[in-house]
S.K.: 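I'd like to ask you about the structure that follows.
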Amino acid sequence: GPVCDEVLGRKQSAAVLAELARSNLPLAPVDSSHVRYRLPSLFREMLQTDLRRSEPELQPVLHGRAAEWYRRAQDVDRAIEHSCRAGDVEQTGDLLWVNVLRYLGTGENDCIQRWLSGLSAERVAGSARLALVAAHSHLALGSVATAEQWARHATARMGEQPGLSAAPERAGALIIEAWAARSGPRGMAEHATRAYELLRDDDPWRASCCFLRGTAALLIGDETEAERRLQEGLIRGEAMVPDATALCLAQLAVMAAQRDQPELAFDLADRAGSVVRAHRLEGYRTSA
């Protein structure tokens, strides 16, 4: 009822829905208070087709209103879905960027890919935040070169719009550069350190920075620094960034194996595998 009122710019939608549910229409309540109703998918598709034929220009307007209502109701999934269908690139970018770590950290990269596919590549490239989301989404798929390209689009947009050159966005682009490690482990460490320093102390992205700094230190041969950074990443990531947590555990397992500590290595690897399975991260190339 309330979302119908918002989308249609009217009142008393709840009463109309209740009346329709009592008629012969295939509309059924899904809760005991009759606040929400469900339409069969075929009937919904028929109505949507009719709307596209009769008033095609109205569709994005209605989706935009729905997106705003769901955003205020903190139903992020539906807000993003309707924002994409409305073609609102900026709002879609804002919603996805703020929530990208949550989606990636719980094995929901397929949702991100589906939402991005609903927008043209040109529109995604025109939004700094959407381009960053695309970069991190492709990184999880193991497509490093594609991730770098999207990060370049994001950096270019930030340069054109100084208001968007905020610390988290700059850090997001630097993290992609660190993962690619085109200038070797020292460059990797430098990019990850710059990203880390741009972020607030409580920013969950710092867990990924710690993993990258620790990995770079290990590649350089500084095991003390590597262990310190990986342990910090483990602590920072445990609550909110399970993918970074699993990566830190796996890297610490490698270090334990190199030190001829097989029991510790097995325990760390087992914990890493448990995190991967618990958060449905098996399909990520970065989980290998």
Side-chain angles (χ1 to χ4, degrees), residues 3 63-119 123-141 143 146-147 150-151 153-154 157-158 161 163-176 179 195 198-211 233 236-247 275-276 278-281 283-284 286-287:
V3 71
H63 281 300
R65 292 174 186 170
E68 179 59 25
W69 189 91
Y70 281 118
R71 186 189 65 79
R72 292 199 306 269
Q74 298 184 332
D75 187 337
V76 177
D77 290 4
R78 286 191 173 91
I80 293 171
E81 188 76 40
H82 285 287
S83 188
C84 282
R85 293 189 181 190
D88 189 335
V89 171
E90 290 311 311
Q91 177 161 271
T92 303
D94 291 348
L95 288 166
L96 269 173
W97 175 243
V98 170
N99 292 282
V100 67
L101 266 181
R102 176 170 65 83
Y103 286 117
L104 290 177
T106 53
E108 296 180 273
N109 195 23
D110 55 338
C111 291
I112 296 176
Q113 286 287 309
R114 178 170 55 82
W115 285 322
L116 291 174
S117 68
L119 299 165
R123 302 200 75 187
V124 174
S127 163
R129 286 177 171 172
L130 263 186
L132 276 175
V133 169
H136 285 276
S137 177
H138 281 88
L139 180 66
L141 295 173
S143 304
T146 305
W150 282 117
H153 283 304
R157 298 294 82 75
M158 286 187 274
Q161 299 173 313
L164 286 179
S165 299
E169 286 80 3
R170 287 290 309 134
L174 285 165
I175 287 169
I176 296 293
W179 265 100
L198 280 169
L199 298 165
R200 296 188 327 182
D201 186 53
D202 63 346
D203 196 304
W205 280 106
R206 274 195 163 187
S208 296
C209 297
C210 288
F211 165 72
R236 287 182 176 276
E238 202 155 15
M240 297 180 65
V241 199
D243 50 342
T245 300
L247 289 167
V275 173
V276 167
H279 295 278
R280 299 175 296 164
L281 306 176
Y284 290 6
T286 46
S287 293

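Everything quoted here is computed from the prediction, not taken from an experiment.
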S.K.: Without swapping roles, check the side chain of R236 against the backbone of D201 for a donor-acceptor pair under 3.5 Å.
M.R.: yes
S.K.: How far apart are the closest heavy atoms of A135 and A151, and which atoms are they?
M.R.: CB-N, 3.8 Å
S.K.: Quick one: does R170's side chain have a donor or acceptor within less than 3.5 Å of a partner on L198's backbone?
M.R.: no
S.K.: Using a 3.5 Å distance criterion without hydrogens, assess whether the side chain of N99 forms a donor-acceptor pair with backbone atoms of R102.
M.R.: no
S.K.: Is it the case that the side chain of T146 and the backbone of H138 share a donor-acceptor pair, with hydrogens and angles ignored and the cut-off at 3.5 Å?
M.R.: no
S.K.: Within the distance-only criterion (no hydrogens, no angle test), does the side chain of S83 pair as donor or acceptor with the backbone N or O of I80 below 3.5 angstrom?
M.R.: no
S.K.: Applying the side chain to side chain donor-acceptor pair (under 3.5 Å) test to H82, which of H63, R71, R65 qualifies?
M.R.: H63
S.K.: Using modelled atom types and a 3.5 Å cut-off, is there a donor and acceptor pairing between side-chain atoms of R123 and backbone atoms of G87?
M.R.: yes
S.K.: Evaluate the ring planes of W97 and H136, with Trp represented by its six-membered ring, and classify them as parallel (under 30°), tilted (30 to 60°) or perpendicular (over 60°).
M.R.: tilted
S.K.: Find out whether S127 and R157 are in side-chain contact, i.e. whether some heavy atom of one side chain is under 4.5 Å from a heavy atom of the other.
M.R.: no
S.K.: Where is the tightest heavy-atom contact between Q91 and D88, given as atom of each residue plus distance?
M.R.: N-OD1, 3.0 Å
S.K.: Checking side-chain contact (heavy atoms from CB on, under 4.5 Å) between D243 and each of T106, L281, T286, which is the one that passes?
M.R.: L281
S.K.: Ignoring hydrogens, what is the shortest heavy-atom contact between G93 and R129? Give both atom names and the distance.
M.R.: O-CB, 3.7 Å
S.K.: Which value, rounded to the nearest 0.5 Å, describes the distance between D75 atom CG and W69 atom CH2?
M.R.: 8.0 Å
S.K.: Any salt bridge between R114 and E108, counting N to O under 4.0 Å?
M.R.: no
S.K.: Quiz question: by atom type and distance under 3.5 Å, do the side chains of D77 and Y103 form a donor-acceptor pair?
M.R.: yes
S.K.: What do you reckon, is CZ of R200 surrounded by more than 12 foreign heavy atoms closer than 6.0 Å?
M.R.: no
S.K.: Answer yes or no: is there a donor N or O on one side and an acceptor on the other, between the side chain of S143 and the main chain of L139, under 3.5 Å?
M.R.: no
S.K.: Could you tell me if the side chain of W205 sits less than 4.5 Å from the side chain of V100, heavy atoms only?
M.R.: yes
S.K.: Please determine whether side chain to side chain donor-acceptor pair (under 3.5 Å) holds for the pair S137 and N109, giving the CA-CA distance in whole Å, both sets of side-chain angles, and the decisive distance to 0.1 Å.
M.R.: CA-CA 6 Å; S137 177; N109 195 23; 2.6 Å; yes
S.K.: Would you say the side chain of W115 lies within less than 4.5 Å of the side chain of T92, judging by non-hydrogen atoms?
M.R.: no
S.K.: Are Y284 and L104 close enough that some pair of their side-chain heavy atoms sits under 4.5 Å apart?
M.R.: yes
S.K.: If you compare all heavy atoms of A67 against all heavy atoms of A79, which two are closest, and at what distance to 0.1 Å?
M.R.: CB-O, 3.6 Å
S.K.: State, with a plain yes or no, whether a side-chain heavy atom of L141 is found less than 4.5 Å away from one of Q113.
M.R.: yes
S.K.: Is the backbone N or O of L199 less than 3.5 Å from a side-chain atom of D203, with the two atoms forming a donor-acceptor pair by type?
M.R.: no
S.K.: Measuring from atom CD of E81 to atom SG of C111, what distance do you get when rounded to the nearest 0.5 angstrom?
M.R.: 9.0 Å
S.K.: Mind listing the closest non-hydrogen atom pair of A195 and I175 along with its distance?
M.R.: CB-CG1, 4.0 Å
S.K.: What's the separation between atom CG in L174 and atom SG in C209, rounded to the nearest 0.5 Å?
M.R.: 8.5 Å
S.K.: Kindly give the heavy-atom pair with the smallest separation between A128 and M158, and that separation in Å.
M.R.: CB-CG, 3.8 Å
